[in-house]
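Remarks on the structure that follows.
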Number of protein chains: 2
Amino acid sequence: MTDDAPGLDADQLDAYFALMEVGNLIQHAVEQQLRAEGDLSGVQFSILAQLSGAPGGSARMTDLADGVVYSRSGLTYQAGLLDKAGLITRRPSADDERSTTVTITDAGRARVARVLPGHVDVVRQMLVDPLSRRDLGTLGAVLIRVRDHLRAAPPRSAKPRSRGGSAKDS
Amino acid sequence: MTDDAPGLDADQLDAYFALMEVGNLIQHAVEQQLRAEGDLSGVQFSILAQLSGAPGGSARMTDLADGVVYSRSGLTYQAGLLDKAGLITRRPSADDERSTTVTITDAGRARVARVLPGHVDVVRQMLVDPLSRRDLGTLGAVLIRVRDHLRAAPPRSAKPRSRGGSAKDS
DNA sequence: TATTGTTATACTCTATAACTATA
DNA sequence: TATAGTTATAGAGTATAACAATA
């Protein structure tokens with residue numbers, strides 16, 4: 001239907017703009033809270049949170065990169081900061097010496113625990129409270145569908161690395 | 001109900017994480033497109049788009065700041081770049097000499113027109129296509145409700161400036 | 001005195017390319 | 001040769017505080 005339309009209709013644009021504005025406002029508020037209460041950036045918190053949920057509190061750099069999008073060097077930079085702060089440790093992986101296994105420390109878990117209440121508070125105030133439980137459920141369901149779609153179709157064309165794969169067209 | 005709950009339940013967290021991830025992925029893609037096709041950052045595009053829709057293609061710096069969130073100095077910086085590029089003009093406001101009236105130029109409008117198709121394309125691919133029209137409508141409606149809520153209750157506590165207002169408690 | 005905007009400055013973050021080491 | 005990660009470096013962007021000018 002929307003195949004050769006030069007633009008999007010009003011509803012579609014509204015949804016897009018609202019999504020971006022809401023996302024930015026929440027992100028901004030969350031980053032302020034994380035910085036104030038835990039001296040963490042949003043990215044750093046994401047890394048720690050991801051490790052918290054991982055088996056053994058560990059993951060390889062590559063796994064983390066998949067969840068944080070950023071460039072590898074950017075991840076190395078952030079991991080360096082977290083390491084220096086004693087919130088994670090890094091060591092060569094056991095099975096593959098090329099890999100680095102990142103592990104969250106007790107201090108790291110404590111830091112997450114420290115900022116989590118405030119973090120949750122911000123999310124609740126900005127996103128959860130203004131919606132009925134039912135609407136929030138709907139929102140989540142729809143967004144998860146979008147997310148899965150986006151994960152399945154990564155930055156087509158980008159990623160000179162990591163995608164490697166089958167069809168080398170040169 | 002969720003009054004003294006220490007955390008959010010799984011559904012609520014899912015919605016939050018999905019929102020942030022989708023927002024970040026789209027923003028990232030959009031910024032790449034804007035940079036590649038129009039040599040614009042996302043913020044710069046926002047400013048130009050806002051001016052495009054304003055009467056006379058003009059707005060005061062303060063009006064722009066309200067729509068872009070960032071600090072005033074950040075806005076001045078971005079406006080400086082747009083000015084240097086010939087995409088906007090700045091001059092003291094007629095009615096209030098303190099204010100700066102920013103106006104989009106023909107070149108500015110042309111630049112917006114140039115990047116818009118690709119911009120719309122990205123949004124369609126990432127957000128519109130994977131959803132039914134109905135789901136997208138629902139998504140938009142819910143997010144708009146959240147957005148209005150957030151706009152009504154600005155960064156409570158923040159903004160030493162601009163909020164001025166009634167109750168000076170000192 | 002309050003408000004609008006700019007400037008100076010310091011800092012954080014991200015990306016690109018070159019490089020090392022292991023598979 | 002391909003993959004995992006780091007390093008060096010450069011550039012963009014943001015925020016804070018001090019400042020100038022008008023209301």
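Model, not experiment: these values are computed from the prediction. Chain A is the first sequence line, chain B the second, and so forth, proteins listed ahead of strands; every chain is numbered from 1. When reading the values below, keep in mind they use all heavy atoms of this one structure, side chains included, and skip hydrogens, waters and symmetry mates.
- Residue Arg35(A) places at least one side-chain N or O under 4.0 Å from the OP1 or OP2 atom of dC13(C).
- Atom NE2 in His28(A) sits about 13 Å away from atom P in dC13(C), given to the nearest Å.
- Between Leu131(B) and Leu136(B) the shortest heavy-atom distance is CD1-CD1, 4.0 Å.
- The CD atom of Glu31(A) sits 12 Å away from the P atom of dT14(D) (whole-angstrom rounding).
- The side chain of Met61(B) approaches dT6(C) more closely than any other nucleotide in the set dG13(D), dC13(C), dT6(C).
- At whole-Å resolution of the value, CG in Leu64(A) and P in dA4(D) are 13 Å apart.
- Between Arg111(B) and Leu40(B), the shortest heavy-atom distance links the atoms CG-CD1, 3.8 Å.
- Taking side-chain N and O atoms only, Gln78(A) has no distance below 4.0 Å to OP1 or OP2 of dT12(C).
- Rounded to an integer number of Å, the gap from Asp66(A) CG to dG5(D) P is 10 Å.
- Between Leu34(A) atom CG and dC13(C) atom P there is a gap of 12 Å when expressed in whole angstrom units.
- For Ser58(A) and Thr101(A), the side-chain atoms include no donor-acceptor pair closer than 3.5 Å.
- Checking side-chain atoms of Thr105(B) against main-chain N and O of Gly86(B) turns up a donor-acceptor pair under 3.5 Å.
- Taking the side chain of Thr62(B) as heavy atoms from C-beta on, and the options dA17(C), dG5(C), dT14(C), the nearest nucleotide is dG5(C).
- One finds a salt bridge joining Arg133(B) and Asp9(A) here, because a Lys/Arg side-chain nitrogen approaches an Asp/Glu carboxylate oxygen to under 4.0 Å.
- With rounding to whole Å, Ile47(A) atom CD1 is found 13 Å from dT14(C) atom C1'.
- Scanning residues 85-101 of chain A for heavy-atom distances under 4.0 Å to DNA chain C yields Asp96(A), Glu97(A), Arg98(A).
- In this structure, the nucleotide among dA17(D), dT7(D), dT14(D) sitting nearest to the side chain of Tyr77(B) is dT14(D).
- Between Arg124(B) and Asp121(B), at least one side-chain nitrogen of the basic residue sits less than 4.0 Å from a carboxylate oxygen of the acidic one, meeting the salt-bridge criterion.
- The distance between atom CG of Leu81(B) and atom C1' of dT7(C), rounded to the nearest whole Å, is 14 Å.
- For the pair Arg72(A) CZ and dT7(D) P, the interatomic distance rounds to 15 Å; values are reported in whole Å.
- In this structure, Ser41(B) does not reach the dA12(D) phosphate: none of its side-chain N or O atoms is under 4.0 Å from OP1 or OP2.
- Arg109(B) and Asp106(B) are not joined by a salt bridge, as no carboxylate oxygen comes within less than 4.0 angstrom of a charged side-chain nitrogen.
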